[in-house]
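Worksheet: one structure, shown below.
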Number of protein chains: 2
Amino acid sequence: MARKQEEAVQQEPATRWPVSTAKRATIRDVAREAGVGIGTVSRVLSGHAPVAPATRARVEAAMRKLGYRPSRAAQALPRRRTNAIAVVVPLFTRYFYVEVLRGIEQALAASAYALVIYSIERAADRDRAFEDLVESRRADGALVVSLTPDSSQVESLQSLNLPAVLIDSAHPALPSVLVDHERAAADATRHLIRLGHRHIALIDHQEDPVRLESTSGRAPGYRQALSEAGIPWRADYEVIADFTPEGGQTGLRSLLALPEPPTAVFVGSDTQALGVLEAAREAGLRIPGDLAVVGYNDVEVARYVGLTTMRVPMREMGRRGAELLLNALEQGQYDPAHICFQAELVVRRTCGPVSRRNDSSARQDGLQ
Amino acid sequence: MARKQEEAVQQEPATRWPVSTAKRATIRDVAREAGVGIGTVSRVLSGHAPVAPATRARVEAAMRKLGYRPSRAAQALPRRRTNAIAVVVPLFTRYFYVEVLRGIEQALAASAYALVIYSIERAADRDRAFEDLVESRRADGALVVSLTPDSSQVESLQSLNLPAVLIDSAHPALPSVLVDHERAAADATRHLIRLGHRHIALIDHQEDPVRLESTSGRAPGYRQALSEAGIPWRADYEVIADFTPEGGQTGLRSLLALPEPPTAVFVGSDTQALGVLEAAREAGLRIPGDLAVVGYNDVEVARYVGLTTMRVPMREMGRRGAELLLNALEQGQYDPAHICFQAELVVRRTCGPVSRRNDSSARQDGLQ
DNA sequence: GAGTATACTGGAACCGGTTCCAAACAGCAA
DNA sequence: TTGCTGTTTGGAACCGGTTCCAGTATACTC
């Protein structure tokens, strides 16, 4: 009888936080205390304009004495900038997005910008986030991950003078950082072909529910690599499955049930690939002997599981996107780049030559 | 010759974003357009005070015509609130923190609050974040994850009237949401004891670099369970390793090198437990036959790998913490709770009875 | 000693909202 | 018509900073 995760609430004497005690000191209080004008205090704060050393010292003493802290809200108004950057990101939990966020965070850490997150779980959120972002001018710029704003949204961004950079999505009017998914998929498939495989299946996931256009490009790349090699494309070798290990698992099961099961699978995400490995083990297949598997993304555990996969430079993408945006903010104009990263094949233990018969046809390393 | 992940930059005609074109319409513009006073426009916006239907319609028409959007920055000043909540979170990449964030996000999605993230990677960041948070009043409240503010920080939070809730850490003056790590560790160890194990090791990680006090509680719980069962504690069975799969791997290797290696390991994190499983496989140990493993957290892949582990309700913790904070903001006073969640043992495939000799002593399910 | 930079400084005006007070107006009873 | 509520409305004052202009003091030149 499993104990439920009950939560024990320990009551304590009610901790009222002082509802309206100490009023914060304002710039005028400091000015009075130091016997100077508010302009002088402001100058001391910003450091832009010259202030006599003696005066500066008096003002600083007053600030310290009063525990003065400038209010960002008040600064934001005349400065016309919030010193925050908004990130619009779908499906917070997926490794890919977390990694991108991490990269963004790294780039922003050095700057003075705060990070405001808009998480999108459903398509409806998407528009709400854009609304809020654009309307409220809560941030000075936006990073949009894996989401393509529609033209009216791009228009409002522009008319509001709100610079935005797309990461893993594209729009002609906005700078973007992307991965050549199509080429990556082709490379992954070519690797399997070079290993001698002719029966190569694809297990991919549906596009994210919030991403309106499907630009994944994995299927096109896969097909192209096949056709290059003169391998006929087979509809029954292309499986769409959930973006979960279980999805991959059922995906592979259905492939193994075919009259002529594949000897290799290219899986559109490592998350699914983990399930593929599990299903293979469960079916008694030896990897890579009986089945070769290539994943996609290079998730943290992939290295550990020994999964051969296409490494997508997720963190770098975030970093680069943030840098682009910071530049734009600084310069007042876009760096007009569309930066395209290439995924890199990482060979590990889950793929090898097609069978023991022709093991001389290729070796596991030095292939690229 | 592996192709490096080069980035191809495609130049495009410089996309200058209009530097200072359309000035945003202000509330005064709307008032003029609609032929009313600014007060009336404000009333229409807020909906608080009564406005004659005809007037409201005129104002709304004017707003639409001018594309008017109220500025949050301007609203924040007189309202004395920013409608944002700050989350101070260490080590963004760890699954635990991402899950907590996810829970927070869920709770906040319904509210009108934006989410501002302060990510802490080094101890120095911690104070900087608090400084910024407190000083600048960028948010109306704060959620602090796994970090214990020092007393001066708590003081400034209180003197500034900034409500804060701690998640996975505690302070007498602040509400908190935590897990009973000690009990959880004891439960995990007891489970192994009940399976008949007497040689039980602990592999744990150092405290997070940014968390000053070490309140993990895993070692104490482990030791307590041992002593309850009359099993002598052995220094060589307690290993501290990096918070990575590799850490777990080397941890287990060192345990296996002992003259009397353990038959079971309780690992302080699933991340490390994955490495433990790998090291066991590599050493030719059968799991759970030769080695029983219990992890900690119930990371996403744990289920999939079949890892028996203590489930920590990470998302719930985030959600609950955010709710506490939202309540505090709404009511102007703290819900004075210290909420304590219990971790739950999730039995999967990585632990079983001590050896084949006494396999009748316990069964894998129905143990709790 | 007058003339003129130069270095500081004070504070009004402003950013774009909210709030509140007083005024305008409508409706109704006396 | 007058007096008295009650509803709407206008706009000044304010939130807490920044900016800029004008003014004062000091220094330097001739």
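Every chain is numbered from 1 and lettered A, B, ... according to where its sequence line falls, protein lines coming before strand lines.
Every side-chain contact (heavy atoms from CB on, under 4.5 Å) that B/Ala76 has, sequence neighbours left out, goes to A/Ala73. With sequence neighbours left out, the salt bridge (charged side-chain N to carboxylate O under 4.0 Å, His left out) criterion links A/Arg32 to A/Asp29. With sequence neighbours excluded, the residues satisfying side-chain contact (heavy atoms from CB on, under 4.5 Å) with A/Ser42 are A/Ile27. Residues passing the side-chain hydrogen bond (donor to acceptor under 3.5 Å, both in side chains) test with A/Tyr113 are A/Arg81, sequence neighbours excluded. Listed by chain and number, the residues in a salt bridge (charged side-chain N to carboxylate O under 4.0 Å, His left out) with A/Arg102 are B/Glu121 (sequence neighbours excluded). For the side-chain hydrogen bond (donor to acceptor under 3.5 Å, both in side chains) test, residues two or more places apart in sequence or in another chain that qualify with B/Glu323 are B/Arg319, B/Arg320. In this structure A/Arg28 satisfies the side-chain contact (heavy atoms from CB on, under 4.5 Å) test together with A/Thr26, A/Ile38, sequence neighbours excluded.
Pairs engaging residues 147-160 of chain B under the salt bridge (charged side-chain N to carboxylate O under 4.0 Å, His left out) rule: none recorded [sequence neighbours left out]. Listed by first and then second residue, the side-chain hydrogen bond (donor to acceptor under 3.5 Å, both in side chains) pairs involving residues 53-62 of chain B amount to none (not counting sequence neighbours).
Counting heavy atoms from C-beta outward, B/Val87 and B/Ile167 have side chains that stay 4.5 Å or more apart.
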For nucleotides 18-23 of chain D, 5' to 3', base contacts (B), sugar-phosphate-only contacts (S) and non-contacts (-) with protein non-hydrogen atoms under 4.0 Å give BBB---
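For the helix from C/dG1-D/dC30 to C/dA30-D/dT1, the end axes, each set by the C1' atoms of five terminal pairs, are bent relative to each other by 60° (nearest 10°).
OP1 or OP2 of C/dG10 has at least one side-chain nitrogen or oxygen of A/Thr40 nearer than 4.0 Å. Contact annotation: B/Ser71 does not reach the phosphate of C/dG16 (side-chain N/O to OP1 or OP2, under 4.0 Å).
Within residues 51-64 of chain A, no residue has any heavy atom closer than 4.0 Å to DNA chain D.
Atom CG in A/Leu77 sits roughly 9 Å away from atom P in C/dC15 (whole-Å rounding). As rounded to whole Å, 15 Å separates atom P of C/dG17 from atom CG of B/Asn83.
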